[in-house]
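No experiment lies behind these values; they were computed from the predicted model shown. Lettering of chains follows the sequences in order, A, B, ..., and the numbering in each one begins at 1.
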Amino acid sequence: MTYHVSTAVFEGPLDLLLQLITRHQVDVTEVRLADIVTEYLAYLEEMRRLDLDVTSEFLLIAATLIQLKAHALLPADAEVDLDEELALMEERDRLLARLLTCVTFKDVAVVIRHRMQEANRFVPRISGIDQEIAVPPPEVVIPADAEGLARIAATVLAGPKDEPDLDHLDLDLPSVQAAIDELRVRIAEEVTTGFDSLVAHCRRPVEVAAYFLALLELARWGFVEVSQEDWMGEIEVRHTGKGVGDLGDLTSEWAAS
Amino acid sequence: MSPLAALEAILFVTEAPVPVGELAEVLEVMPDEVERLIDELNSNLEARGSGLVARATAGGWRLYSRPEAYPYLERFSSSATARRLSSAALEVLAVVAYRQPVSRSQIAEIRGVDSDSALRSLLRLGLIEEAGRLSLPGNPAVYRTTPLFLEKLGIGSLDELPPLADHVPPAEVVGALEETFRPGVAEGA
Amino acid sequence: MSPLAALEAILFVTEAPVPVGELAEVLEVMPDEVERLIDELNSNLEARGSGLVARATAGGWRLYSRPEAYPYLERFSSSATARRLSSAALEVLAVVAYRQPVSRSQIAEIRGVDSDSALRSLLRLGLIEEAGRLSLPGNPAVYRTTPLFLEKLGIGSLDELPPLADHVPPAEVVGALEETFRPGVAEGA
């Protein structure tokens, strides 16, 4: 489920939280909780106004955030209930663990995309056996039962429109997020390269634009350094050595497009 | 990559014969040159004792397995790999099962892609069969499932196919928690 | 027809990678001989500057066009070139790949969001499949990746997936997050 609220596009509460963390990251070791909590709640409020489906997931995470923020505002010598304290710490640890798991899978998904793109350039033939085979094979295997076949039929008969997240390479506008994902892997591999070579495979100006935006985004996160001798010169791109595992690389306003 | 290698790759992946004019465009050479390349490809294939050959049919070119491979392909067709339906074939089978009798172009329209090779597989495997022809230009064939299909699926008749309505994905159920938490959220914001 | 030519014809017509054992049966030679024939086929293809190559994926062998031919194929037909998966579908695919067998709600727990449409796309593309049902209320289905997923990833088995541990955020990021979310006096409690 993809949410479009104000300027943000996000996939559920963990993704929203990760995006806010990235946005409020002063540097890699400092994130402001208060800002994040305020903004997170503002998004929820707006989602409610827009009549978007604010699922229980959003609210559970909001509850934890509110408690953490309230706790941070307590004076250091304030009396606290030990049970409540422990419960809150458990909630916090659970939320952190979920954030880290979510980030880990987002990260490895980028590598899987890259691998699939590489493998995708090896194209197999799909036309099957082209000679008339006289004797039908004795034991065909249908890898589904009646229920399975019904599910497949229901999905197929619902039509191709039922798949909003399949877009066609040649027809759709290029995705900046996809360009970010791809550049991260390529720049990490090549270390130093030029913008021209990064976009050598692009066939339309709009694709080059997507890569340019992606490059700016990567520069903003400190993943790359970009320089240019003069205004007509080649744009040089250098990998700063920040790992692909860095939190800041994972989410952006271009995500989930 | 040489134009010869590119030509071979195109004639390999294509599902339908490709006219010389189209090959010339894609390879960015003159049509005469395409004909020369096809000749060269065929002598190369011959020289390396390949099991493949480029042949002109229905106004275009395409790679085929050599006729001499027939006994091997026949044996291969009963191997575990060839007997298992691909996901494309499974989809076409599902469409034929619920929309029979249905024509090739109706299937293509439903799936949004051409389904020729999947249809061929299903016919070859005996899961579907021709059920007559439409009185339209070209007299296209329509297809239906076979008794083998019922047997493989373990049902007695088409009436026993599960109704489609049961498989529309359920609407998301939002937990009662939402109501519980909503006032808290509004206050906090 | 030579076993080499027959091997090439089989790797040409197959709709999924063929394991060496099956090739040995169809060609009526020993598995060692199959491996030798595949090597010979690949050096022949290479020597002739062919646009094709035999590759091992998902536990078997199949002919593919060479990656250098890909730009021509893109120009030639959009159906030969793959559709692009959305980021959401890719994330779900990653979760299924590393946590299989996994249910819809377990995936939702990890991603923090319902992933029904992404799951449907992946099922439809044949990259994942149902792997049984849990004995829980509602009998939820669990999912696993298919051999097609391995083939599309260009790997032989799930063991060749990139180690998940390499993708856990670095310690400084984890530290910063912990710092951020730490209740003020938690340390003292």
Side-chain angles (χ1 to χ4, degrees), chain A residues 1 37-46 48 53-63 65-67 69-70 123-163 166, chain B residues 9 12-15 63-65 67 69-70 73-74 76-78 80 82-86 88 90-91 93-95 97-99 110-112 116-118 120-121 124-127 148-149 152-155 160-164 166-168 172 174-175 177-178 180-182 184-186 188-189:
Chain A
M1 169 110 206
V37 176
T38 308
E39 253 191 67
Y40 183 91
L41 296 175
Y43 272 108
L44 256 53
E45 189 52 36
E46 196 182 338
R48 211 160 60 92
D53 189 13
V54 181
T55 60
S56 52
E57 283 287 340
F58 277 104
L59 300 159
L60 282 169
I61 289 175
L65 288 176
I66 292 166
Q67 285 177 317
K69 185 180 161 193
V123 183
R125 180 177 172 276
I126 56 164
S127 313
I129 297 175
D130 48 12
Q131 299 180 23
E132 285 297 325
I133 301 294
V135 189
E139 284 293 325
V140 52
V141 178
I142 303 179
D145 56 10
E147 292 290 328
L149 196 75
R151 259 195 307 278
I152 293 166
T155 313
V156 181
L157 294 172
K161 280 191 212 82
D162 193 38
E163 290 175 85
L166 274 184
Chain B
F12 167 78
V13 300
T14 187
E15 288 198 71
L63 275 183
Y64 294 87
S65 56
Y70 181 85
L73 297 185
E74 188 180 16
F76 171 67
S77 75
S78 49
R83 272 165 29 204
R84 192 174 197 272
L85 288 185
S86 68
L90 198 58
E91 243 184 69
L93 185 60
V95 173
Y98 282 90
R99 286 288 184 269
I110 291 170
R111 291 188 65 224
D116 296 7
S117 61
R120 260 203 313 277
S121 286
R124 184 174 56 80
L125 294 168
L127 292 172
L148 178 67
F149 164 77
K152 285 288 163 192
L153 217 58
I155 57 177
E160 290 173 39
L161 277 175
L164 279 180
D166 292 357
H167 295 280
V168 176
E172 265 329 298
V174 179
L177 273 170
E178 182 171 0
T180 320
F181 275 93
R182 184 160 274 176
V185 169

With rounding to the nearest 0.5 angstrom, report the CG to CD1 distance, B:Leu164 to A:Ile152. 11.5 Å
Could you walk me through whether A:Leu149 and B:Leu90 pass the side-chain contact (heavy atoms from CB on, under 4.5 Å) check? CA-CA 8 Å; A:Leu149 196 75; B:Leu90 198 58; 4.2 Å; yes
Interatomic distance, A:Asp130 atom CG to B:Arg120 atom CZ [nearest 0.5 angstrom]: 7.5 Å
Spacing of A:Glu147 atom CD and B:Leu161 atom CG [to the nearest 0.5 Å]: 10.0 Å
Determine the sole option in B:Ser117, B:Ser77, B:Ser121 for which the side chain to side chain contact (heavy atoms under 4.5 Å, CB included) test with A:Ile129 is passed. B:Ser77
Heavy-atom pair count under 4.5 Å with chain A, highest-scoring of B:Gly154, B:Pro67, B:Ala88, B:Ala69: B:Pro67
Applying a strict 4.5 Å limit to non-hydrogen atoms, the region of B:Ser86 in contact with chain A is neither
Where on A:Asp145 is there a heavy atom nearer than 4.5 Å to chain B: the side chain, the backbone, both, or neither? backbone
B:Tyr98 and A:Ala153 have their tightest heavy-atom pair at CD1-CB, 3.3 Å
Nearest heavy-atom approach of A:Ala150 to B:Pro162 is CB-CB, 3.8 Å
Indicate the atoms forming the closest heavy-atom contact of B:Thr14 with A:Ser127, along with that distance. O-OG, 3.7 Å
Looking only at A:Ile142, A:Val37, A:Leu65, most heavy-atom pairs under 4.5 Å shared with chain B are made by A:Ile142
